[in-house]
Q: 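Shown below is the structure under consideration.
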Amino acid sequence: MNLDLSGTALDVAPRLLGGVLISRVGGLSVRVRIVEVEAYLGAHDPGSHAYRGRTARNAVMFGPAGHLYVYRHLGLHHCINVVCGQPGTATAVLLRAAEVIDGEKVAWQRRQAAGVCRTPRDLARGPGRLAVALGLTGEHDGVAIGFEVDGPELVALRSGGGAVPVVRGGRVGVNGPGGDSQRYPWRYHLAGDPHVSAFRAGKV
DNA sequence: CGTAAGATTTACT
DNA sequence: GTAAATCTTACGA
């Protein structure tokens, strides 16, 4: 089943949960099940990078859906977004955490090379860790997303198909006015899944 | 041009 | 629990 990315991040985010992401970076295949995402709505969202307009970094978000927006955070880590919506609307879904279901050995080696990973649970639990496990870096900013498991694209996305228990809550590290982390409840994750990262409120 | 803050992770007290 | 690492963008002088 193909994913429809033409809606806003709020439409797309819940549908990505339970879906499968395949990465073939460097010829090494890693497959993960998405368990946690966050929606970002561009110009209408103070927490979005695109809130204050287009820059060289976030240009991809203003483009058509079905592309990867990868950015470097704090100089050390990368975060992966799926661009959705229409061109000109900078809406995207941040992939925050996933469960590695195939290519665990490759993911483990990448995580060991970049830092320390003690348990399989931590392989892709968190945005930066997920990027490492998948082998995605700043070079992959703007690459097209495929929808076939064995397609030519570097990364591919597939819907999980069935309904999954979704929990909605405040985004991690992002606050609304007055330090209210629940002001924009645009974080979605699978209920009770151990691979979901811990919630942290943003700085006030 | 200089400074502050950020969609984070890791290590140390 | 708290701090440090480290780079890009935004904003004030």
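For the numbers below, each heavy atom of this structure counts, side chains included, while hydrogens, waters and symmetry mates do not. Here is the naming used below: chain letters follow the sequence lines, and residue numbers restart at 1 for every chain. Every value quoted in this text rests on a predicted model; they were computed, and no experiment measured them.
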Q: Using the P atom as the reference point in each nucleotide, state the distance between C:dG1 and B:dA7 in Å, no decimals.
A: 23 Å
Q: Between P on B:dA7 and CZ on A:Arg125, what's the gap in Å once rounded to a whole number?
A: 20 Å
Q: Using centres under 5.5 Å plus planes under 30 degrees as the test, is A:Tyr40 stacked with B:dA7?
A: yes
Q: Any side-chain N or O of A:Arg111 under 4.0 Å from OP1/OP2 of B:dT10?
A: yes
Q: For A:His78 and B:dT10, give me the distance from atom NE2 to atom C1', rounded to whole Å.
A: 16 Å
Q: B:dA7 pairs with which nucleotide, Watson-Crick or G-U wobble, both distances below 3.5 Å?
A: none
Q: Which residue, A:Arg121, A:His189, A:Arg33, forms the side chain to side chain contact (heavy atoms under 4.5 Å, CB included) with A:His195?
A: A:Arg121
Q: Counting only side-chain N and O atoms of A:His77, is one of them less than 4.0 Å from OP1 or OP2 of B:dT9?
A: no
Q: Check for me: is A:His73 stacked on B:dA7 by the 5.5 Å centroid and 30° plane-angle rule?
A: no
Q: At under 4.0 Å between heavy atoms, what does A:Gly126 touch on the DNA or RNA strands: base, sugar-phosphate, or nothing?
A: sugar-phosphate
Q: Side chain of A:Ala56 only, please: which of C:dT9, B:dG6, B:dT9 is the nearest?
A: C:dT9
Q: Is the ring pair A:Trp186/A:Tyr184 parallel, tilted or perpendicular, if the boundaries are 30 and 60 degrees?
A: tilted
Q: Main chain of A:Ala9, side chain of A:Thr91: is a donor-acceptor contact present, judged purely on distance under 3.5 Å?
A: yes
Q: Do you know the tightest heavy-atom contact between A:Phe62 and A:Gly53?
A: CZ-C, 3.9 Å
Q: Taking the minimum atom-to-atom distance to the side chain of A:Ser48, which one of B:dA7, B:dT8, C:dT9 wins?
A: B:dA7
Q: Identify the nucleotide, in any strand shown, that forms a Watson-Crick or G-U wobble pair with B:dC12, with both distances under 3.5 Å; if there is none, say none.
A: C:dG1
Q: What integer distance in Å separates A:Tyr69:OH from C:dT9:C1'?
A: 10 Å
Q: Starting the side chain at C-beta, find the nucleotide from B:dA7, C:dT6, B:dT8 nearest to A:Met61.
A: B:dA7
Q: Where the side chain of A:Arg24 meets the backbone of A:Asp150, is there a donor-acceptor pair that is under 3.5 Å apart?
A: no
Q: Yes or no on side chain to side chain contact (heavy atoms under 4.5 Å, CB included) for A:Thr137 and A:Val70, after CA distance, side-chain angles and deciding distance?
A: CA-CA 7 Å; A:Thr137 71; A:Val70 184; 5.9 Å; no
Q: Expressed in angstrom and rounded to an integer, what is the separation of A:Leu76 atom CG from B:dT10 atom P?
A: 10 Å
Q: Which of these nucleotides, B:dG6, C:dT9, C:dC11, is closest to any side-chain atom of A:Leu74?
A: B:dG6
Q: Considering only the P atoms, how many Å lie between C:dA3 and B:dA5, rounded to the nearest integer?
A: 15 Å
Q: Whole Å only: how far is the CG atom of A:Leu130 from the C1' atom of B:dA7?
A: 13 Å
Q: Counting the atoms with a prime plus P, OP1 and OP2 as sugar-phosphate, which does A:Arg171 contact under 4.0 Å by heavy atoms, base, sugar-phosphate, or nothing?
A: nothing
Q: Rounding to a whole Å, what distance do you find between A:Leu94:CG and B:dG6:P?
A: 16 Å
Q: To the nearest Å, give me how far apart OH (A:Tyr51) and P (B:dG6) are.
A: 15 Å
Q: Nearest-nucleotide wise, let me know which of A:Gly115 and A:Val174 is further upstream toward the 5' end of DNA chain B.
A: A:Val174
Q: For A:Asn175 and B:dA5, give me the distance from atom CG to atom P, rounded to whole Å.
A: 15 Å
Q: Within the pair A:Arg72 and C:dT8, is there a side-chain N or O less than 4.0 Å away from OP1 or OP2?
A: yes
Q: Is A:Arg129 close enough to B:dT10 that one of its side-chain N or O atoms is under 4.0 Å from OP1 or OP2 there?
A: yes
